[in-house]
Amino acid sequence: MSAYDARYNASAIETKWQAAWEKAGTFKASRSGDKPKYYVLEMFPYPSGRIHMGHVRNYTMGDVVARHKMATGHNVLHPMGWDAFGMPAENAAMASGIHPQTSTHQQIAAMKEQMKPLGWSLDWSREFATCDPEYYGQQQAMFIDFMDKGLVYRKNAVVNWDPVDMTVLANEQVIDGKGWRSGAQVERRELTQWFFKISDYSEELLAAIDGLDNWPAKVKLMQANWIGKSRGIEIPFQLTAPVGDIADIACYSTRPDTMRGASFVAISSDHPVAKALEAENPDVAAFCASCRKMATNEEAMEKAEKLGFDTGLSVAHPTEPGATLPVWIGNFVLMDYGTGAVFGCPAHDQRDLDFARKYKLPVRNAFYMPGEAVEVGNDALVPAKTETIEFIDHFAGIGAVTSQEAIDTTIDWFEAKDLGTGMVKYRLRDWGLSRQRYWGCPIPVVHCDACGVVPEKKENLPVKLPFDVTFDQPGNPLDRHPTWRDVDCPACGKPAQRETDTMDTFVDSSWYFARFTAPNAATPTNMADAEYWMNVDQYIGGVEHAILHLLYSRFFARAMNICGHLPDSAVEPFDALFTQGMVTHEIYQTRDENERPIYHLPEDVADGKLTATGEAVEIIPSAKMSKSKKNVVDPVHIIKQYGADAARWFVLSDSPPERDVEWTASGAEAAHKHLNRVWLLCDRIAKMPDDAGGDDADLTRAMHKAVQEVTLNIETFAFNKAIANLYEFTGILGKSKASGAAQKLAIRTLAQLMSPYTPHLSEDIWAHQGGTGLIANAPWPVADETLLVQDTVTLPIQINGKRRSEITVPRDMPKEQVEKLALATDAVIRALEGGAPKKIIVVPGRIVNVVL
RNA sequence: GCCCGCGUGGUGGAAUGGUAGACACAAGGGACUUAAAAUCCCUCGGCUGAAAGGCCGUGCCGGUUCGAGUCCGGCCGCGGGCACCA
């Protein structure tokens with residue numbers, strides 16, 4: 001049994017070193033010292049009560065960065081907190097009766113207990129939850145500041161309304177157009193809601209994307225597309241007969257060049273003309289009502305069958321004297337974008353074509369040349385994005401140009417004829433932050449009959465959520481609270497009522513990164529701390545946040561700057577961003593007597609069978625881990641079985657961090673085995689006399705190569721490649737015949753290189769090998785590049801681009817000589833058959849290609 | 001539907017436009033062992049060949065290039081987002 005005793009005991013080692021870090025305050029950040037600061041942040045978790053592999057992966061990545069930066073002489077801030085408001089706690093309260101505040105705090109405690117054993121280098125002294133009144137009170141103070149600066153306003157907006165539960169539903173709670181709880185057909189309803197004027201910053205948020213050099217290109221592109229800047233023209237189409245006092249319908253278009261192909265005008269069911277008609281025409285009213293049955297999300301609207309209603313109205317065609325176009329109400333026209341009206345050009349737009357076919361509207365070629373037919377046959381869709389638009393010549397009397405120029409020129413032409421107004425529009429809409437829910441940050445305003453909407457006085461903040469609420473019925477408990485709403489008007493002192501809407505949880509997560517710089521400040525931030533710690537040097541989180549969370553945070557940083565809560569230098573709060581992939585797992589299911597699926601946890605399945613009953617399970621390909629599909633692996637089991645270091649090592653090995661990774665139990669076991677090997681190797685090397693063994697050159701070169709590669713791969717977020725480098729170096733060290741002294745240096749270096757991944761094991765090896773102090777505080781090794789240069793290189797020889805042979809030559813051999821040697825190889829001689837090559841390409845140090 | 005990604009052995013993946021499959025996992029074979037576990041060693045894209053080698057091969061079709069997994073165009077499949085999930 002002695003072999004067993006020699007195995008490394010992860011849990012003992014991990015507990016020991018966590019206690020040592022705690023005692024030394026190794027990860028407590030303070031604004032002092034002469035080291036450069038480095039702020040690394042992972043997106044904080046929603047306290048669901050259990051950590052999952054995605055958290056382990058995300059926070060381990062951040063930890064690798066944090067520990068590496070610490071070792072390279074930075075003063076590191078690496079905080080953690082809780083995105084604690086949100087629907088799940090409120091839903092749970094309705095189901096179980098447990099108050100959200102109670103359950104949230106329990107879940108935070110439970111998650112923290114699971115996170116601590118992973119040994120992340122977090123400064124827990126800065127921890128807060130967004131549901132702490134100290135946090136959301138500061139958020140309320142900022143809301144009032146934003147009001148002062150004109151960044152907040154109220155307007156009507158549509159919500160999903162459940163007519164049975166009499167409550168507003170989140171998009172997630174609408175399933176196939178029905179309320180998830182009641183099953184009732186969901187309706188759209190207009191409510192007066194609070195908005196942030198993020199659209200004032202459309203241009204700035206777009207322009208500043210260019211400066212985000214260390215953000216993934218795809219995220220920048222998604223944000224730019226989301227903001228959606230377009231140059232177009234607003235053209236008033238004159239009604240042939242006015243509707244009330246409305247004389248025209250303005251259409252915004254980015255493709256005025258297709259005007260000659262227009263065959264109808266479509267307006268939103270919420271357009272003033274539609275509303276005017278609705279009042280007098282029950283058929284219009286019925287159609288508009290059906291449009292309002294649709295869910296509010298863009299996806300549902302775009303995918304829904306395109307329906308129209310002919311109003312019988314018509315408008316004059318702007319460029320074809322005497323011609324008119326019919327006006328339809330279309331369920332696909334958004335009132336929120338542009339003017340709520342579009343002209344349809346079926347020949348050049350697939351959606352318009354579908355609509356025209358359905359309702360037998362003409363399909364006219366906008367780009368017809370003299371002598372060509374105007375009407376387009378049934379299947380003659382002309383591509384919408386015509387590159388060369390010669391029609392311009394015919395249409396506007398100007399030369400042929402490329403597409404965007406053609407459009408710009410057309411806009412100028414329309415403007416010159418006074419037919420419309422060129423303008424830039426953005427797709428980005430203002431941020432509706434009102435939520436008709438309890439478990440969120442109360443909006444700190446009061447409604448007074450005399451004074452209107454009045455912000456709460458700052459000295460009365462925080463406006464705390466009342467604890468004595470019930471969840472026995474749907475809707476917002478704040479609305480039915482007997483006394484909480486009653487308050488004196490902050491302006492006139494007369495009895496008034498509190499706002500009962502709370503804030504979108506995206507508000508909470510739009511500035512927590514700033515709060516971490518001074519979590520106890522009596523103001524939202526402390527300027528000295530914000531100036532020192534901001535920006536976040538490295539932000540890490542799921543790519544699912546690529547648009548909303550990151551865009552809102554960018555807006556918030558600007559708004560906070562205007563209100564004096566962040567310095568000018570922090571308007572772009574995240575210097576570098578890394579978006580990680582998801583952790584996935586196979587799904588195991590059996591079926592009940594009604595063929596409905598029953599899902600099973602991976603821990604209950606072995607060899608395709610349920611361990612309990614032996615029943616075979618269906619295996620569904622890997623998908624994002626989700627509780628509902630039960631394809632979740634609880635990291636706690638893995639950590640107990642293999643140790644935190646093995647879990648950390650495994651989640652970062654194999655898969656590149658930006659890509660999804662499939663969880664396999666064997667992978668975690670393999671990680672554990674490898675760490676055990678390293679531990680045994682350390683033990684063996686420690687027992688070697690320094691002068692035992694021989695030549696050190698190969699080991700030394702391998703060590704410096706490992707230092708160079710691992711460092712580069714950590715710095716570029718290629719954590720999987722760094723692990724491959726470490727495997728390789730460990731293999732070389734394990735077989736090395738170098739001196740004891742060289743091997744001891746090598747294993748200490750290996751421990752250092754591994755320390756961001758496996759900090760506990762590394763500390764243990766460090767101590768075992770006589771390292772000074774904690775490895776967490778030891779300076780990162782530096783590669784001696786002069787040792788890495790090889791004297792000779794092996795060049796592949798290609799014949800017509802296919803590898804056929806290779807030659808080994810001195811690194812700096814001149815091209816001509818390499819060429820000569822290549823031509824002398826058997827493979828080339830054989831291929832040439834006595835003839836001469838057409839061409840020889842020699843890329844020094846790389847390759848030789850002989851072209852026949 | 002729209003926007004953005006991704007697609008390489010049995011599996012995860014590696015590859016500044018320059019030797020496709022590094023490094024691992026799984027599998028198979030072997031050593032050690034009474035045996036098993038653990039550990040160590042070997043093989044491991046396909047076809048072909050005694051071997052040397054040859055041919056094919058990075059989702060599909062085409063293009064650029066001396067040379068394409070990598071760049072361009074068009075498809076197919078999968079994933080993320082679509083403004084009240086976080």
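A note on names: the letters A, B, ... follow the listed sequences, proteins ahead of strands, and every chain is numbered from 1.
- The A/Glu728 side chain lies nearest to B/C23 when the options are B/C23, B/C66, B/A14.
- One interatomic measurement links the two molecules: CZ of A/Phe506 to C1' of B/C84, which rounds to 10 Å at whole-angstrom precision.
- With B/G81, B/C84, B/A15 as the candidates, the nucleotide lying closest to the side chain of A/Lys721 is B/A15.
- Remark on RNA chain B: of its neighbouring residues A/Pro88 and A/Leu428, the 5'-side contact belongs to A/Leu428, judged by nearest-heavy-atom nucleotide.
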inquiry  = Expected output check: what is the dot-bracket annotation of RNA chain B, where ( ) and [ ] are pairs inside the strand (brackets for crossing ones), | is paired with another strand, and pairs are Watson-Crick or G-U under 3.5 Å?
reply    = (((((((..(((.....[....))).(((((.......))))).((((....))))..(((((..]....))))))))))))....
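- Between A/Thr505 and the phosphate of B/A86, there is a side-chain N or O to OP1/OP2 separation shorter than 4.0 Å.
- Within 3.5 Å, no donor on the side chain of A/Glu298 pairs with an acceptor on the base of B/C3, nor the reverse.
- Partners of A/Glu299 under the salt bridge (Lys or Arg N to Asp or Glu O under 4.0 Å) rule, at least two apart in sequence or in another chain, are A/Lys303.
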key: Contact letters for nucleotides 45-53 of chain B, in which S counts primed atoms plus P, OP1 and OP2 and B counts the base, heavy atoms under 4.0 Å   = ---------
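- You'll find a donor-acceptor pair under 3.5 Å spanning the side chain of A/Gln436 and the base of B/C84, going by distance alone.
- Spacing of P atoms, B/C32 relative to B/A51, comes out at 29 Å, to the nearest Å.
- Between the side chain of A/Arg846 and the base of B/U16, at least one donor-acceptor pair of N or O atoms lies under 3.5 Å.
- Taking the C1' atoms as reference points, B/G80 lies 27 Å from B/C25, given to the whole Å.
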If you restrict it to nitrogen or oxygen atoms, what contacts under 3.5 Å exist between nucleotides 67-76 of chain B and the protein, and what is each distance?
none

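- B/G9 sits 12 Å from B/A26 when the C1' atoms are compared, rounded to a whole Å.
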Shorter than 3.5 Å, N or O on both sides, protein versus nucleotides 25-32 of chain B: list them out with atom names.
unit_1 : atom_1 : unit_2   : atom_2 : d
B/C25  : O2'    : A/Ser666 : OG     : 3.3

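- To the nearest whole angstrom, the two C1' atoms, one in B/G54 and one in B/C40, are 36 Å apart.
- Here A/Arg659 does not reach the OP1 or OP2 of B/C6: none of its side-chain N or O atoms lies under 4.0 Å away.
- B/G7 has its base anti relative to the sugar, with a glycosidic angle deviating from 0 by more than 90°.
- You'll find that the side chain of A/Ala724 is closest to B/C23, out of B/C66, B/C55, B/C23.
- Each of A/Tyr552, A/Trp194, A/Phe195 was evaluated against A/Trp431; a single residue qualifies, A/Tyr552, per the ring-ring contact (aromatic ring centres under 6.0 Å, His included) test.
- For the side-chain hydrogen bond (donor to acceptor under 3.5 Å, both in side chains) test, residues two or more places apart in sequence or in another chain that qualify with A/Trp82 are A/Glu127.
- Taking 4.0 angstrom as the limit, A/Asn725 places none of its side-chain polar atoms (N or O) nearer than this to OP1 or OP2 of B/C23.
- Between B/G10 and B/U64, the two C1' atoms lie 35 Å apart (nearest whole Å).
- Taking atom C1' in both B/G73 and B/C23, the straight-line distance is 35 Å, to the nearest Å.
- Toward the 5′ end of RNA chain B lies the nearest nucleotide of A/Lys218, the other residue of the pair A/Pro45 and A/Lys218 mapping further downstream.
- When the side-chain nitrogen and oxygen atoms of A/Ser655 are compared with OP1 and OP2 of B/G13, one or more of them lie within a distance under 4.0 Å.
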